[in-house]
Protein chains: 2
Amino acid sequence: MSKDASARKLAETRDLFITQWGALGTQWGINRTMAMIHALLLVSPEPLTTDEVMERLAISRGNANTNLRDLTGWGLIRVVMRKGDRRDFYEAEKDVWRMFCIIARERKRRETEPALAILRQCAETSGDLAGAEAKELHARLTELGEFVALANSVMDKVAAAERSFIVPKILKLLG
Amino acid sequence: MSKDASARKLAETRDLFITQWGALGTQWGINRTMAMIHALLLVSPEPLTTDEVMERLAISRGNANTNLRDLTGWGLIRVVMRKGDRRDFYEAEKDVWRMFCIIARERKRRETEPALAILRQCAETSGDLAGAEAKELHARLTELGEFVALANSVMDKVAAAERSFIVPKILKLLG
DNA sequence: TCATATTTTCAGTAATTACTGAAAATATGA
DNA sequence: TCATATTTTCAGTAATTACTGAAAATATGA
């Protein structure tokens, strides 16, 4: 294979990954563009500027800017500077375990914590009411709340732990 | 508090839970109505018909039907029959551990399995290419793929395990 | 088999979310 | 300070997803 053909194949593979990761993002409830930018930076050997991201994905400046900021907010990518260049360069967090922790933390924040808050509030309200039905409702909400609290604390600890420490133990346990 | 006032308070608490659970659903990437129907059935002491669901949530028949079917497909609710009545009645799965297993299984199916498929495919493609960049890409995709495979198998085992067996052990481990 | 109850489907529309393109704001170096 | 590079914001629009309402399909009992 010629050098050109090889480079083309490489670019094609990257693009395939980016496209598919984008499609996957929609399943995860994060928007396609955000997932694609993340994929692009994951497989890019060098940090990229906003303009490079725009060009590679054929998206507008506003779109690129918004999603780059969101990804930075999550901690999945970060800004790096190059001396003599005033532009921001973005690179992806490439340590898979750290990626996992970031995602776990974010999901906990967006999913289990709000659920817990709702359950506790409704359990409290229903706790003040009399009658068999109210008792049953209260019991159910309390049980759900306790379960979510448990899930919450598991996620917390898993996300905070070091990979080397925790994973083999869990696997052994589940074996 | 009078009996009427008490009943009203109870209904209000249920409605609050339903509304908030619906709002939460949107964070989880499942649609509002589906989450609301689930909440309604979770706090309903009796199984409900499609018409009752429509009325309680003020939604159309088509919407109710679609979401009831989807929830049934997930296994989060199920159809029960009453003798002498030809309508379908729906009730929620109320065992929290079973609910958790169902959600874990569904998320694995919709999130980690497709991710794994993509990573494996792209890793394979990149494995056939020559050059330092291709090698690096291949290594990265392979690493990610292995991590996702690991997460996959953990989810599998957790979802399949019995609550009483697994939870205390994990907690102790993380303590 | 037929009349009726019940569920399912689906074309059209409403609601929501994502994106563009251009203007405003900010940062940098001279 | 000013000119220029760069980033951010945002009103308007496009794209996507959810919902309605009515019609079609199916199931039930007589």
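Chain A is the first sequence line, chain B the second, and so forth, proteins listed ahead of strands; every chain is numbered from 1.
- Dashed line: the shortest gap from a side-chain N or O of B:Asn65 to OP1 or OP2 of C:dT7 is not under 4.0 Å.
- Atom C1' of nucleotide D:dT6 and atom CD of A:Glu52 are separated by 14 Å, given to the nearest angstrom.
- The distance between atom CZ of B:Arg61 and atom P of C:dA5, rounded to the nearest whole Å, is 13 Å.
- Atom CG in A:Leu68 sits roughly 15 Å away from atom P in D:dT6 (whole-Å rounding).
- The separation between B:Ile30 atom CD1 and D:dT17 atom C1' is 15 Å, rounded to whole Å.
- The CE-P distance, from B:Met81 to D:dA27, rounds to 11 Å in whole Å.
- Across the strands present, D:dT26 finds its partner in C:dA5; the criterion is a Watson-Crick or G-U wobble pair with both atom distances under 3.5 angstrom.
- Mapping A:Gly62 and A:Gly84 onto DNA chain C via the closest heavy atom, the residue that lands nearer the 5' end is A:Gly62.
- Under a 3.5 Å cut-off, the side chain of A:Asn67 and the backbone N or O of A:Asn63 do form a donor-acceptor pair.
- Contact annotation: side chain of A:Arg86 to base of C:dT28, donor-acceptor pair present below 3.5 Å.
- B:Thr33 comes within 4.0 angstrom of sugar-phosphate atoms only, judged by non-hydrogen atoms across all strands, and of no base.
- Nucleotide D:dG12 forms a Watson-Crick or G-U wobble pair with C:dC19, both donor-acceptor distances falling under 3.5 Å.
- Between the CG atom of A:Asn67 and the P atom of D:dT7 there is a distance of 16 Å, given to the nearest Å.
- A straight line from CG of B:Asp51 to P of C:dT6 spans 8 Å, rounded to a whole angstrom.
- Nucleotides of DNA chain D nearest to A:Arg69 and A:Arg32 differ in position, and the one nearer the 5' end is that of A:Arg69.
- The aromatic rings of B:Trp97 and A:Phe147 sit perpendicular to each other, their planes meeting at more than 60°, with 30° as the lower class boundary.
- Residue-to-nucleotide proximity on DNA chain D shows that, of A:Asp85 and A:Thr26, the 5′-proximal contact is made by A:Asp85.
- Checked against C:dT20, D:dT8, C:dT7, the side chain of B:Thr50 finds its nearest nucleotide in C:dT7.
- Ionic pairing of B:Glu106 and B:Arg109 is present here: one or more N-O contacts between side-chain nitrogen and carboxylate oxygen are shorter than 4.0 angstrom.
- Comparing atom distances between the B:Asn31 side chain and each of D:dT7, C:dT20, D:dA18 picks out D:dA18 as nearest.
- One N or O on the side chain of B:Glu52 and one on the backbone of B:Thr49 form a donor-acceptor pair closer than 3.5 Å.
- Within a 6.0 Å sphere centred on CZ of B:Arg98, heavy atoms belonging to other residues, nucleotides or ligands number 12 at most.
- Rounded to a whole Å, the CZ atom of B:Arg82 is 13 Å from the P atom of C:dT6.
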